[in-house]
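Working notes, structure below.
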Amino acid sequence: MKLLEGKTVIITGGSRGIGKGIAETFAKNGANVAFTYSSSAASAEALEKELNAMGVKAKGYQSNAAKFDEAETFVQAVLEDFGSVDVLINNAGITKDNLLMRMSEADFDQVIDVNLKSVFNMTKAIQKTFLKQRSGSIINMASVVGVKGNAGQTNYAASKAGVIGFTKSVALELGSRNIRCNAIAPGFIETEMTAKLNEDVVKGWRESIPLKRGGSTEDVANACLFFASDMSTYVTGQVMNVCGGMLT
Ligand code: NAP
């Protein structure tokens, strides 16, 4: 059974990592996919071809999620190209890790803009469409770091904790219009983002995880599939930890 047959999904940051995994899982489940990227034009083009070959409509758009006007223009373009939108996944995110003592103001601001302000920008841009159709599912990519905190990631933790607060508030505000909003808090998922970490840190993470492995992009995509599909029509305002048991 294809859980997303005929639905159109927006995924920010689809060119690599978790976003790409979500795009592939969603296309397998029949969804049309509009995704953004920041600078990876070649990967975006390759993914567009891969998804189209799976028999769904797919298109990549270069759009900086941190910019309010770009989010608005992007959503308008998707509505013109695809006709409608059923699901928004705010996945784009970056890290600029450092101890607070050494963290620059620019690194704090940039992480907040890309990880948190982007969620505001995209939700504002899609809100009218979802209100008009009286349905919509918004899925925000948080992190276990936003739930629990992490030394060396004050900017990232603040952005992801902010995403969780935003998610719960949107769920309360828009629930009466059948618009759902949930967050996913991935633990240690092995992507290019985590490949930047040093080997000892990676070993430490793996040892501390009850399931004794890092997660895959598919593990996160499957949680998104639940929130995007009609399997979760009575679920909103929730944070699902996809973390191998790191948080209990
Ligand atoms: P990734 O491999 O570094 O990919 C990031 C994606 O976001 C890329 O497609 C990138 O586009 C895009 N992007 C970056 N800045 C953007 C911007 N300003 N506007 C639009 N797109 C932008 O990261 P990932 O590991 O897949 O992480 C995806 C999400 O999961 C992030 O929100 C991250 O915080 C969260 N997360 C990840 C982990 C983990 O262990 N990996 C754990 C918890 C939460 P380009 O390719 O063009 O740069």
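Order of appearance sets the numbers: ligands from 1, and atoms from 1 within every ligand.
- Using a 4.0 Å cut-off between heavy atoms, E190 makes no contact with ligand 1 at all.
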Side-chain polar contacts of residues 75-87 - donor-acceptor pairs under 3.5 angstrom, sequence neighbours left out - could you list them?
residue, atom, partner, partner atom, Å
D81, OD2, K59, NZ, 3.1
D81, OD2, Y61, OH, 2.7
D86, OD2, T8, N, 2.8

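- Evaluated by nearest non-hydrogen atom to atom 3 (O) of ligand 1, the leading choice among R16, E192, K67, E70 is R16.
- Ligand-side atoms of ligand 1 in range of N64: 17 (C), 18 (N), 19 (N), range being under 4.0 angstrom from any heavy atom.
- Looking only at atom types and distance, the side chain of S216 has a donor-acceptor partner in the side chain of D219 under 3.5 Å away.
- Residue contact check: M141 has heavy atoms under 4.0 Å from atoms 29 (C), 30 (O), 35 (C) of ligand 1.
- Note: no N/O pair closer than 3.5 Å links P186 and ligand 1 by distance alone.
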### Message
One pair to check against side-chain contact (heavy atoms from CB on, under 4.5 Å): V145 and Q153. What are the steps and the verdict?
### Response
CA-CA 8 Å; V145 169; Q153 290 197 303; 3.4 Å; yes

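- Close approach of ligand 1 to S143 is summarised as follows: ligand atoms under 4.0 Å from at least one heavy atom of the residue are 43 (C), 44 (C).
- Within the structure, the closest approach of G187 to ligand 1 falls below 4.0 Å when heavy atoms are considered.
- Taking a cut-off of under 4.0 Å to the non-hydrogen atoms of Y156, the atoms of ligand 1 that pass are 33 (C), 34 (O), 35 (C), 36 (N), 43 (C), 44 (C).
- Not a single heavy atom of G215 sits less than 4.0 Å from an atom of ligand 1.
- At least one heavy atom of V114 sits closer than 4.0 Å to an atom of ligand 1.
- Side-chain contact of R180 with S232: a donor-acceptor pair under 3.5 Å is present, judged by distance alone.
- The shortest heavy-atom distance from A142 to ligand 1 is under 4.0 Å.
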Donor-acceptor contacts under 3.5 Å from residues 202-211 side chains, at least two apart:
residue, atom, partner, partner atom, Å
R206, NE, E190, OE2, 3.0
R206, NH2, E190, OE1, 3.2
R206, NH2, E190, OE2, 3.2
S208, OG, G204, O, 3.4
S208, OG, W205, O, 2.8

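- Panel note: side chain S137, backbone F227; a donor-acceptor pair is recorded below 3.5 Å.
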### Message
Could you walk me through whether D97 and R102 satisfy the salt bridge (charged side-chain N to carboxylate O under 4.0 Å, His left out) test, starting with their C-alpha distance in whole Å, then the side-chain angles of each, then the deciding distance to 0.1 Å, before giving a yes or no?
### Response
CA-CA 10 Å; D97 299 350; R102 297 200 202 107; over 6 Å; no

